[in-house]
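Encoded as structure tokens, the structure appears first; notes follow it.
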Amino acid sequence: MPDKSVKIANDSPMIHGIVIRANIDSGTLVGVTLPKQDKRFFILGPEDVAGPNSVEVHTENFPLFAGSEINYKGQPIVALFGPDAETVEVKSREIEIDFELTTEVQPFHPKHEHSPIKYHWGLMDQGFAQAATVLERTYTDRRVWTREDTMFQVTTWIDDGQLKVKVPTQWPFHVRDTVASICARTKKSVTVYPMAHFSTKDEKILQPSILAAIAALATVKSNSPVMLSSRFPTYKSPIIIMRKTALDAQGKPIAEEVDAQIDQGAFPLFTGELFKQVLAGLIPLYPLEAFSAQVRIVESHSPPSHFFGDLGYSSALFSSEAHASAIARQLQVNPSNWRMKHYGETKERAKILETPPVPRLRDLIGATCTVSDFARHYAAYELQRRGKRPFSAFLNYTRGIGIACGAGISGFSTNSPYHSSSKISVTLDANDQVLVNSSFYPSRKITTLWRSVISKELSVDQQSVRFIDNDTSKMIDTGPEVLSLDIERSVMMIGECCKAIKAKRFQEPLPISETVSAKSIVSKEQALFSSKNWGCIILELEVNTITLVVEIRRVWGRFTFNNPPEIDRLRLKFRHIINESLNECNIMPIHREGAPPIMDIEVDSFGDEAYQTSATSALRAMVLAAASAALSQALNRDVSAMPITSEDIISYIRREE
Amino acid sequence: MKIECTIDGKHLLLTVNSNKPLNLILADELETPLLTIRCRDGSCGNCVVLLNDEAVLSCLIPAFRLKGARVLTFEGYQKTRFWHDLERAYEDTGSHPCPHCYASKTLIFESLLQMIVKSESGASRDEEPDEETIVREIGLNKCPCLDAHEMLDIFKAAATYRRRRRVRRY
Amino acid sequence: MYEGIRSPAVHMPKTMSDLVSASTRFPNATFWAGGTFIMSRHDYYPTRDSNDIISLNEVPELKRINRTDRYLEIGATVSFEQLLTVGKQVLPGLLQMTLERSATKIVRKQITVGGAICTPQIRLALPGTLSALQAEVEVKSCMGPKTETRWLEINRLYDKKGAFLLKKNDLVTRIRLGFEREDFSCHIAAGDPMTNPGETVMLSFACFHNQSVVDRFRMCITFPTSMFLIPHEVDMMMHGTMLPLTTQQIERVVRSIMEEVLSSSDHEIPPIQVERSRRFIESALHELNAQSLSER
């Protein structure tokens, strides 16, 4: 189980290390000049790697240490180890690294473009030929994160021939496999003790593996326990999406062409899955006679962009929803009414993303608009927008309101290689005690939900549920636990087990044991993603015309979920995600008369099947899209690049004035 | 530099550099697990400890200021009876800080609760914190996992428990 | 203790004369008040060569707040929080507002007035406010056995770009504020000077008027890394003007100050700072008008 206190059984003194990284985007490594010889220190580089100098991620890989070529700023070059963290840090400043810059390279300049991946239906030319209006907008999700404040700490040591690793991770299997491969050892000779990890956007999937591998190499070399600390940057690149929509005379969309460009950085990872997630978000909720999407993945000299909240679903959904609002704005109609009128089912979308019925979404939009008095606010701010001097410092604010909706997805697509043969078995014994044995990694978050579902389904006390403490060698690699993938699958599997036990209870003697595999719960419809929820949020914000800061006034959110295990927790989680997303959008909460902004969030439950799907990435997209719509109204310009910056606000204001 | 101080109730004689920040002392010398996240400039607010019963950012306290000081980290605080007020408040409201900032936010809450105690007992000229002050103080920790309403609910619930404790004591 | 990393010697003088002698004996030592600024620098620790430290916290004179008939005298190591406890009756509203908005209570307990004035690279909000309130500072120059003490207007500690003008062995010991209360004051700030200095603008404004006629008009605009501007010409221009100001007068004042803002920097000022300054000034003048109208 995680968070267990692990004793380091090695009497040698602890060695501390630091990773030295490239400070240029691209070039050739000419040489590394080490500090004066000092026996207390040693350096590790690519030549010290016992196995291949490569970290494998499914079918893709990237080098552990840079070889002769530097691919991105921040790429590990060498690691320095010494007696304590501080002297190592000071000593590391004496290391001189010489590079040769071949050409001046911009980090975002594409160095290699993969052939685009396309998806389409209908006849585009015909659609655009019928158009009364064509609306073209480019949406940019500029959420670029380079979180360097987070300190990673990995400890490795050898105990009785076994290489042991203590690391905060959400993918212990990858740590084990990487350490084994880099150190040229068998997987069985590596034991991983996963510690609690704090990565709200699953952004640290691979870093623990990299650090653990470097620390393990040092342990093998020195035969001493090693502690390696690093401020490891995590990165997500911007996504640019161009949407061109043909509308008929009544404002109904006929055809749409979408082009998404994704900079995956120096080493593209999870590309197959990324395409599917982006596609799921790109297909709009309004029916179209013709649709064409093209996703272009570009390699550049920016750091490898990988998982950060999702693999592009939220960026794509943001563009779809912001575009719906832009169409409504172009037609000068209320965006909620436009959505109610035009959103509908399509079989083409259902092949990619299976959702609950659209009328349920319409009800949700209606309910959210009623509670927020959207129509009145929208009309009032439209009047203000058309005012003579809306950005005067005399009236010190300008306001806007925006709406967005969508369906949440979780985990990877149904045909992803990470849908493994994981199993869960639940046993109910004669004393109403429940024993769960699973091949999932039982994090606290997961087991809390499992307890809750079992307690509800089998009417037993939560404390009577116990979990078998498997070591990782007995577990199956279920892939990285991202987008609540394991929660989603395992809760469904637990639910299935409970249902089967319920059917046999009081008919067969106890104990009753049931086993369910992950394969058996995969959607029968064969859509790439299956969603069991809808969400709609409305944001009201204002731009302070004195400080030029965007401030949130009120948020309303309505969600409908298929029988979520814990509705109150879900509501709280949504509030947190909304707060976090607003923060990412540079939108600040303001206090009115001493009170914080109102956040009215409700979650409804429908159906009786005991499973839920995550709405996290969809919610992030909704916040982004609603904020962009509200800002477009407040600033009287199409705000299509989010998060908004102060430069944007100034340029919009100056153009207006 | 040799420094005598009390950390989590233990009297210690530390040999550290005089300018070493307290958060590094706690992390390196004492292996305090809360400090795995460090911004180095006081901007993340994730290293709060109680220094002589007052909340401080430990990254802004140099070693030489620890002479004779009492430091209480979250681990030490959990062993005090005051911790239960906040623990119960988290349970009652269903809201709690995320694991990332749990220790720091809890200690900031504690410092606000102490303001109530001091202002009511007349031991300090501090006024009882108003809603804006509470939100602002908790906002010292930049993690956005709790919204303002949750902070206020937690504080109100914890304050109720703390007042009851005082009533019983006197 | 770590080999290769020097542990700086810490001197803790208990009296002013000890302090003077310590600063003479250790001319390269760093004066340490609250330490919040020094410790928030990214390269603060670990470093191979750290200067010795002279801690100012043990000198009682520097920790005192004195009230005389004419002045409020504040010791340099008085913390923001300690100063706030003096109360609304004694502390000018503008100063109180600035102190409260500068940081949270937890950090305010550690930031000292002297430290906030003497930050080497970054100008914080306090100097601007003290300048608008026409505060004076006591500066002790420790030059060997000779010590020179002088009172300076606080704005003389900085040039127009906000660079700190005191020498290494000069020490700010006290800050002196008159009891004359401003009739109108406001402090507007956006951004965080420590984490985002390129976008931060701070404006402190105090206006003294007599029966709707402007007597003194003191404004200070601070950009943390590039500007500390007191538009003296506008002070003269506004002297004797009737309140409320007309739209044309507001425009003239804004234009005049903005011209000075734009001409006082060698580098291009980020547009956000320019725009914010313009709006802050305009808003402050509208507020002044609103107050003068409500007083009628």
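All figures in this text were calculated on a predicted structure; none of them were measured in a lab.
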B:D147 side, atom CG; A:I552 side, atom CD1 - distance, nearest 0.5 Å | 12.0 Å
Sort A:N583 into side chain, backbone, both or neither according to what part of it lies under 4.5 angstrom from a heavy atom of chain B.
-> side chain
Please flag which part of A:I598 lies under 4.5 Å from any non-hydrogen atom of chain B: side chain, backbone, both or neither.
-> backbone
What one should report as the nearest heavy-atom pair of A:M599 and B:H149 is N-NE2, 4.2 Å
Rounded distance (nearest 0.5 Å) linking atom NZ of A:K573 with atom SG of B:C98 = 13.0 Å
Of all heavy-atom pairs between B:S95 and A:L572, which one has the smallest distance, and what is that distance?
-> OG-CD2, 3.5 Å
Counting only heavy atoms closer than 4.5 Å, note whether B:D130 contacts chain A via side chain, backbone, both or neither.
-> neither
Mind checking whether A:H576 and B:L146 have side chains closer than 4.5 Å, heavy atoms only?
-> yes
Looking at CG of A:N579 and CD of B:E150, how far apart are the two atoms once the value is rounded to the nearest 0.5 Å?
-> 7.5 Å
Closest heavy-atom contact between A:E580 and B:P144?
-> CG-CG, 3.7 Å
